[in-house]
There are 2 protein chains.
Amino acid sequence: MTTERTADLLAKTLRDAIIRFSRRVRQARPVGDLTFSQLSALTSLQLAGALTPRELADMERVQPPTMTKIVGKLEERGLVARTPHPTDGRQVILAATDEGRAVYALHERARNEWLAVELDRLTPEERETLARAAEIMQRVARG
Amino acid sequence: MTTERTADLLAKTLRDAIIRFSRRVRQARPVGDLTFSQLSALTSLQLAGALTPRELADMERVQPPTMTKIVGKLEERGLVARTPHPTDGRQVILAATDEGRAVYALHERARNEWLAVELDRLTPEERETLARAAEIMQRVARG
DNA sequence: CCATGCTCATTAGCTAGGCTAAGTATCGTG
DNA sequence: CACGATACTTAGCCTAGCTAATGAGCATGG
């Protein structure tokens with residue numbers, strides 16, 4: 001029972017911490033920059049090399065129509081290219097363009113700047129705690 | 001330099017972890033339930049007892065017009081009441097209604113259910129790490 | 001060999017949540 | 001008492017989520 005109670009309290013604490021933290025990071029976004037979601041999708045794409053919309057949606061934990069929108073924005077800006085699947089006409093292959101990779105690196109850097117500065121102020125132990133927490137959250141999110 | 005590099009990498013890792021984690025938690029929301037933001041605002045209100053919109057906006061790290069919207073939704077549902085400030089005619093006092101408190105407790109519980117179950121699966125050490133990370137994120141968000 | 005049913009992606013249409021800029025009412029002070 | 005500052009709201013915009021429905025292509029069973 002103690003564990004249950006702890007988990008319950010932790011769930012609340014964690015949610016509150018995350019919502020405030022996200023909003024704070026969001027505020028640090030320069031005008032005209034890539035949004036949170038766009039940057040995350042672009043990152044996944046680059047890491048994976050190439051993905052179908054469905055795969056990307058699963059990876060990003062959103063529904064396919066949502067991913068269509070996000071990819072649409074990225075494509076408009078020439079950062080991502082859609083190419084037809086070689087054998088399956090229904091599917092599409094998404095990949096970052098050269099410009100996508102370049103813009104990504106730039107914006108990623110700018111996006112992280114505020115956060116990195118803040119994190120740099122922490123003690124090494126605190127950073128270690130956050131790194132471990134990030135790993136755990138990824139695992140839980142993965143389900 | 002090593003610290004800077006670590007902070008930079010951590011910033012990216014943490015962002016990715018948080019965005020996926022948030023989306024996963026968001027998915028667990030029952031239809032018709034309070035949203036993430038609404039629940040967070042209601043929580044702050046209850047903990048504080050009563051707040052002005054400005055105070056609540058600052059606490060939730062959003063701009064005042066955003067808070068107007070969120071509170072509007074809560075008020076529509078009779079969960080929050082606006083009362084005039086006793087001495088300052090410009091200000092408004094926000095407080096959770098009895099129904100707000102009741103509905104909050106119910107929904108909070110439902111909302112946490114999935115997450116609490118997941119967290120309960122972790123080891124005590126992992127939960128401890130998350131708890132510590134939550135505290136650190138709150139501090140960073142606070143600025 | 002083709003009809004039927006499944007899967008993939010998109011479109012349409014909705015809601016919430018975030019922002020800035022502008023408007024309105026009130027306060028407080030010179 | 002006029003005028004600047006403050007508090008909240010309104011208006012208008014965008015992103016990001018969702019579900020439901022559509023259209024195109026695959027695959028399979030008769």
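Keep in mind that the numbers below use all heavy atoms, side chains included, and drop hydrogens, waters and symmetry copies.
Looking at heavy atoms from C-beta onward, A:M137 lies in side-chain contact with B:L130 at the 4.5 angstrom threshold. Side-chain atoms of A:L94 and A:E55, non-hydrogen and from C-beta on, never get closer than 4.5 Å to each other.
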Just the atom pairs and distances: protein N or O near nucleotides 18-20 of chain C's N or O, under 3.5 Å.
from, atom 1, to, atom 2, distance (Å)
C:dG18, OP1, A:R23, NH1, 3.1
C:dG18, OP2, A:R23, NH1, 3.0
C:dG18, OP2, B:S37, OG, 3.1
C:dG18, O6, B:K69, NZ, 2.2
C:dC19, OP2, B:Q63, N, 2.8
C:dC19, OP2, B:T66, OG1, 2.7

Heteroatom pairs (N/O) under 3.5 angstrom, protein to nucleotides 23-26 of chain C:
from, atom 1, to, atom 2, distance (Å)
C:dT26, O3', B:G89, N, 3.4

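When every heavy atom of A:R20 is checked against every heavy atom of B:S40, the shortest pair comes out as NH1-OG, 3.9 Å.
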When the side chains of residues 64-72 of chain B are checked against the rest of the protein, which donor-acceptor pairs come out under 3.5 Å, sequence neighbours left out?
from, atom 1, to, atom 2, distance (Å)
B:T68, OG1, B:P64, O, 3.2

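Atoms CD1 and OG1, from B:I18 and B:T13 in turn, are 11.0 Å apart once rounded to the nearest 0.5 Å. Note: B:R24 CZ to A:R61 CZ = 4.5 Å, rounded to the nearest 0.5 Å.
At whole-Å resolution of the value, CZ in B:R54 and C1' in D:dA7 are 7 Å apart. A:E60 places its CD atom 13 Å from the C1' atom of D:dG17, with the value rounded to the nearest Å. Distance B:F21 CZ to D:dG17 C1': 18 Å, rounded to the nearest Å. Atom-to-atom, CG of B:L56 to P of D:dA7 comes out at 15 Å; the value is rounded to the nearest Å. In this structure, B:D58 places its CG atom 10 Å from P of D:dC8, rounding to the nearest Å. The separation between B:Q38 atom CD and D:dG17 atom P is 17 Å, rounded to whole Å. The CD atom of A:Q91 sits 9 Å away from the C1' atom of C:dT7 (whole-angstrom rounding). Rounded to an integer number of Å, the gap from B:L39 CG to C:dA16 P is 15 Å.
With salt bridges taken as basic N to acidic carboxylate O contacts below 4.0 Å, none links B:K73 and B:E76.
Exactly one of B:D98, B:L45, B:L74 qualifies for a side chain to side chain contact (heavy atoms under 4.5 Å, CB included) with B:L79. That residue is B:L74.
Residues B:L56 and B:I93 do not share a hydrophobic cluster, clusters being chains of Ile/Leu/Val/Met/Phe/Trp/Tyr side chains in contact below 4.5 Å.
DNA chain C is contacted by A:R82 of residues 78-85 of chain A, taking any non-hydrogen atom closer than 4.0 Å.
In this structure A:E128 satisfies the side chain to side chain donor-acceptor pair (under 3.5 Å) test together with A:R132, sequence neighbours excluded. Not a single side chain to side chain donor-acceptor pair (under 3.5 Å) links B:Q38 to another residue, sequence neighbours left out.
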